[in-house]
Amino acid sequence: MPAHIVEGFAGAVGNTPLIRLRRASEATGCEILGKAEFMNPGGSVKDRAALGIIEAAERDGRLTPGKPGVIVEGTAGNTGIGITLVANARGYRSIIVMPETQSREKIDFLRMIGADLRLVPALPYSDQGNYVHASRRLAGEMGAVHANQFDNPANGNAHEATTGPEIWDQTNGGVDAFTCSCGTGGTLAGVARALKSRKSSVRIVLADPLGSGLYAWVKTGQVKASEGNSITEGIGQAARVPGNLEGAPIDDAESIPDAEALEQVYALQSEEGISVGGSAGINVAAAIRVARAMGPGHTIVTILCDGAARYQSKLFNPEFLRGKGLPVPAWLEA
Ligand code: PMP
């Protein structure tokens, strides 16, 4: 096959561009680079984890391409989209358990691509009705594969094998720091392991939304939710450390309020034509903080996890924003 042709959905996952973010770079005197994960075929960084988890289940013999198989997962949406698209490509079925509070766009997209979607109330992890427990129970009852992204090593391994080495190669080993928010922690842990094994001085910084306990965990060793809350989706853990993050080589953390993250989301879109979701805003805001702390001349890489269109009804909805006490971008005010 010619080098520029890839094989199907799986072949199109990864090898995303690393985009120089002009405004952030100029403001800090650093190179601030965003890994364009919104360009994956399912639209998010989670395509990599979904593919890695399904391929690991195939290697273990729990799934066989072409034979009926069911994958169940609890997800904020993006992993569900990745799993459903890989399942469609390989002849499996997906059952996606998701908190009903997630964006209308992700819910509609999952239905559109044929996921068997089970919306559940948004409950804390300590409650057995939480979407993660509900998905595990359902998989057990059905004898189906539970993707188990929070604690499945195949998630972080996918990033250690692909995202991290891509960042290393794209910067010619020049990366000085990496910032990333965590839902499962697969992206941060996998990239951190890949970069640290090549250059131990690379600074790994966890970016955390308000209301999450991972900032305190990095700073003190104890998970303690910070004051406030966030409209971002797919990131933050109020009360637990997912298995993926245990033992991950993390140097520091930044706690980022939504207003600071959304300023980046809106500026990236209106001044640079780069349209990303809220978690990418948290990541870029953290990269700017790290760049200021390290001083000019450094190369900071972060993750542009998914695209803004997935959150149109929230991040670009003046009524919703006003209701949350958040600033409304000028071009939406009219
Ligand atoms: N951003 C978005 C939009 C996501 O959906 C997720 C995954 N839930 C993340 C960031 C975090 O990625 P990870 O699970 O690898 O920590």
Side-chain angles (χ1 to χ4, degrees), residues 13-14 34-40 42-53 73-83 96-99 101-103 105-107 109-110 131-132 135 147-164 178-194 204-209 212 214 217-218 230-237 240-246 248 250 253 256 258 261 264-265 275-286 302-312 314-315:
V13 173
K35 186 89 170 123
E37 293 302 295
F38 60 85
M39 291 176 70
N40 278 304
S44 88
V45 65
K46 301 300 307 203
D47 287 356
R48 297 183 192 254
L51 183 62
I53 286 169
E73 185 57 319
T75 159
N78 280 332
T79 304
I81 291 168
I83 282 178
I96 302 303
V97 184
M98 182 167 155
T101 48
Q102 302 307 291
S103 78
E105 290 82 354
K106 286 191 290 190
I107 291 170
F109 194 73
L110 276 160
Y131 70 105
V132 176
S135 69
N148 194 21
Q149 58 171 332
F150 291 90
D151 300 297
N152 186 341
N155 173 357
N157 290 347
H159 293 286
E160 185 172 4
T162 69
T163 326
F178 176 70
T179 68
C180 187
S181 51
C182 294
T184 66
T187 311
L188 180 66
V191 171
R193 289 200 298 268
I204 305 293
V205 180
L206 185 153
D208 216 26
S212 172
L214 296 175
W217 173 66
V218 172
S230 175
I231 66 168
T232 59
E233 295 185 20
I235 57 171
Q237 287 293 339
R240 71 157 176 152
V241 178
N244 284 301
L245 282 177
E246 298 284 0
I250 302 169
I256 310 285
D258 278 356
Q264 298 308 322
V265 169
S275 201
V276 296
S279 64
I282 297 254
N283 289 350
V284 173
T302 195
I303 300 284
L304 306 178
C305 317
D306 67 359
R310 225 149 248 195
Y311 309 97
Q312 201 173 333
K314 290 185 171 177
L315 302 187

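For ligands, and for the atoms within them, numbers begin at 1 and follow the listed sequence.
- Listed by chain and number, residues touching ligand 1 at under 4.0 Å (heavy atoms only) are K46, N78, C182, G183, T184, G185, G186, T187, E233, G234, I235, S279, C305, D306, Y311.
- Exactly one residue among S279, P209, S181 makes a side-chain contact (heavy atoms from CB on, under 4.5 Å) with S230. That residue is P209.
- Across every non-hydrogen atom of N78 and S44, the tightest pair is CB-OG, 3.3 Å.
- Qualifying side-chain contact (heavy atoms from CB on, under 4.5 Å) partners for A158, counting only residues two or more places apart in sequence or in other chains: none.
- In terms of the side chain to side chain donor-acceptor pair (under 3.5 Å) criterion, residue partners of D208 (sequence neighbours excluded) are, by chain and number, S212.
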- request: Mind running side chain to side chain contact (heavy atoms under 4.5 Å, CB included) on F178 and I303 for me, showing each step along the way?
  value: CA-CA 9 Å; F178 176 70; I303 300 284; 3.6 Å; yes
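- Checked against side chain to side chain donor-acceptor pair (under 3.5 Å), Q237 has no partners two or more places apart in sequence or in another chain.
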